[in-house]
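Structure first, then comments.
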Amino acid sequence: MERFRAELRAFVDGIYEGEKKVLVFGEGDRRAPVMLIGEAPGEQETLQGRPFVGKAGKNLDEFLEIAGLDRKALYVTNTVKFRPTKISAAGRTVNRPPTQEEIRLFLPWLRREIGLVSPMCVVTLGNVPLKALAGRKAVIGDAHGTFLDLDGAALYPMYHPASLIYNPSLKDVYRADILRLGEWLRKRL
Ligand code: URA
């Protein structure tokens, strides 16, 4: 994993010469049975150097607890490892979704990271990691809460925890999906 990180750092420095992108690497148990994959770090994640520690992360932690899943026993990472930003009309630096090009650059690294952890189940959070791994036709609205195949491992799509902030009516669906994941895992451990 250390080598992976060093090589990824060098790759990003080569592509974004002179920009000194802050990278937020995955964290957690490197032999975890479940790997959670988000979109890209936001402001808090970049400041703290850890994935899912901002508002979306608080939602995620809350629901993991409901399902009896211990975050420290999982591995949590993102598709794109730096914060995609733009300047808002008010002149502030704000988040933006990662571009297809950014996703394409990071995808081989994400696949390598999955190989290193080798989880029983890869959980994609939102459309970005789902489409990156399962193809552009996959959509979260249809695929969430179902177990798909990813090269022999299970792929379990869930909504992004940030979507609960904008759409609280998703909370029941989110709860049901994460409870199903917890049950699935307990049967296999
Ligand atoms: N959203 C993500 O997709 N990843 C993070 O790490 C934080 C917020």
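The first residue of the sequence shown is numbered 1, and numbering continues consecutively from there. First listed ligand is number 1; within each ligand, the first listed atom is number 1.
Ionic pairing of Arg71 and Asp61 is present here: one or more N-O contacts between side-chain nitrogen and carboxylate oxygen are shorter than 4.0 angstrom.
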Could you pull out all donor-acceptor pairs under 3.5 Å where a side-chain atom in residues 131-142 meets a protein atom, sequence neighbours excluded?
residue : atom : partner : partner atom : Å
Lys131  : NZ   : Arg136  : O            : 2.8
Lys131  : NZ   : Ala138  : O            : 2.9

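Within a 6.0 Å sphere centred on CZ of Arg188, other residues, nucleotides and ligands contribute more than 12 heavy atoms. By the 6.0 Å contact criterion, CD on Glu65 is open, its count of non-hydrogen atoms from other residues, nucleotides or ligands being 12 or less.
To the nearest 0.5 Å, atom CG of residue Leu23 and atom NZ of residue Lys81 are 9.0 Å apart.
Within 4.0 Å of ligand 1, contacts by protein heavy atoms are made from Gly38, Glu39, Ala40, Pro41, Glu45, Pro51, Phe52, Asn78, His160.
Although no hydrogens or angles enter the test, the distance criterion places a donor-acceptor pair under 3.5 Å between the side chain of Asn59 and the main chain of Pro161.
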